[in-house]
Amino acid sequence: QVQLVESGGGLVQPGGSLRLSCAASGRIFSIGSAGWYRQAPGKQRELVAGITADGSTNYSDSVKGRFTISRDNAKNTVYLEMNSLKPDDTAVYHCNARVRITSGVNWYFYWGQGTQVTVSS
């Protein structure tokens, strides 16, 4: 079984910064693409940032230039550096990863349980 565990959320003032981590553990052969999503109350879950296995990244327009996604393959961990935070960034942030558990061709998608980010003065 594979688990994704997010950490690093919390309460921060507007203009502040946070760094989220998503650590994968369990039976992992390799991790492919991964991403950070967020869901605010009453809204649908939306993609914030994604990163491929070779490190290519993409961002939603709302966070471009403020957030940076990165990965440490040796630690099976994906990060989201969030700067210049705004109240609209308040949401539960979830990570998602595409994982191979054997050397075969099958990939599986896993989600973390989420970490709350609240931006408020």
Side-chain angles (χ1 to χ4, degrees):
Q1 185 69 322
V2 173
Q3 287 188 323
L4 302 183
V5 179
E6 301 98 334
S7 60
L11 173 64
V12 63
Q13 291 187 343
S17 299
L18 284 174
R19 188 193 196 206
L20 305 184
S21 299
C22 172
S25 63
R27 187 181 176 186
I28 298 170
F29 181 79
S30 64
I31 298 177
S33 58
W36 285 95
Y37 293 73
R38 68 186 180 187
Q39 187 165 19
K43 295 187 178 181
Q44 289 189 333
R45 188 174 294 188
E46 62 172 349
L47 174 66
V48 174
I51 187 166
T52 63
D54 63 1
S56 297
T57 59
N58 65 282
Y59 300 92
S60 69
D61 288 343
S62 62
V63 307
K64 202 171 292 183
R66 300 188 296 122
F67 290 11
T68 302
I69 188 171
S70 61
R71 62 192 294 161
D72 184 333
N73 291 330
K75 295 181 179 180
N76 288 335
T77 301
V78 178
Y79 304 97
L80 185 67
E81 185 76 34
M82 306 186 295
N83 298 314
S84 303
L85 283 161
K86 306 174 182 179
D88 284 350
D89 295 319
T90 296
V92 177
Y93 284 70
H94 298 265
C95 69
N96 165 277
R98 192 165 169 259
V99 179
R100 274 198 302 173
I101 61 174
T102 70
S103 59
V105 299
N106 293 325
W107 292 85
Y108 301 90
F109 288 92
Y110 293 93
W111 287 93
Q113 83 290 348
T115 184
Q116 176 70 46
V117 171
T118 303
V119 185
S120 175
S121 55

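All of these numbers come straight from a predicted model, not from anything done at the bench. This chain uses plain numbering: 1 for the first residue, then up along the sequence.
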Taking all non-hydrogen atoms of both residues, which atom of P14 and which atom of S121 are closest, and how far apart?
-> CD-N, 3.7 Å
Side chains of F67 and S62: does their closest heavy-atom pair fall under 4.5 Å?
-> no
Taking all atoms of both residues into account, what is the closest heavy-atom pair of A91 and A40, and its distance?
-> CB-N, 3.8 Å
Distance-only, no hydrogens or angles: does the E81 side chain make a donor-acceptor pair with backbone N or O of R19 under 3.5 Å?
-> no
Quick one: are R71 and I31 in side-chain contact, heavy atoms under 4.5 Å?
-> yes
Donor-acceptor pair, T57 side chain versus I51 backbone, under 3.5 Å?
-> no
Go through the steps to decide whether C95 and V78 satisfy the test side-chain contact (heavy atoms from CB on, under 4.5 Å), and finish with yes or no.
-> CA-CA 8 Å; C95 69; V78 178; 5.9 Å; no
Any sub-3.5 Å donor-acceptor pair from R66's side-chain atoms to S84's backbone N or O?
-> yes
Y108-W111 co-clustered via ILVMFWY side chain contacts under 4.5 Å | no
Taking Y79 for its side chain and T68 for its backbone only, find out whether a donor-acceptor pair lies under 3.5 Å.
-> no
Could you point out which residue of L80, T115, V63 forms a side chain to side chain contact (heavy atoms under 4.5 Å, CB included) with R38?
-> V63
S120 versus T118, side-chain donor and acceptor atoms under 3.5 Å = no
Pair Y37-Q44, side-chain contact (heavy atoms from CB on, under 4.5 Å): steps then yes or no = CA-CA 10 Å; Y37 293 73; Q44 289 189 333; over 6 Å; no
Calculate, to the nearest 0.5 Å, the distance between atoms CH2 and CZ belonging to W107 and R100 respectively.
-> 4.5 Å
Nearest-0.5 Å distance, CH2 of residue W36 to CG of residue L47 | 12.5 Å
Sidechain-backbone polar pair: R27 side chain, T102 backbone, donor-acceptor under 3.5 Å = no
Does a sphere of radius 6.0 Å around CD in Q116 hold more than 12 heavy atoms from other residues, nucleotides or ligands, not counting ones at 6.0 Å or beyond?
-> yes
Between Q113 and V5, is there a donor-acceptor pair closer than 3.5 Å when you use the side chain of the first and the backbone of the second?
-> no
Looking at D89 and K86, does any basic side-chain N land under 4.0 Å from a carboxylate oxygen?
-> no
Hey, could you give me the CZ/CD1 distance between F29 and I101, rounded to the nearest 0.5 Å?
-> 11.5 Å
What's the verdict on side-chain contact (heavy atoms from CB on, under 4.5 Å) for H94 and V92, showing C-alpha distance, side-chain angles and the deciding distance?
-> CA-CA 7 Å; H94 298 265; V92 177; 3.4 Å; yes
Indicate the atoms forming the closest heavy-atom contact of Y59 with I69, along with that distance.
-> OH-N, 3.0 Å
Measure from the side-chain N and O atoms of E6 to the backbone N and O of L20, and report whether any donor-acceptor pair falls under 3.5 Å.
-> no
In terms of heavy-atom contacts, L4 and A97 come closest through CD1-N, 3.7 Å
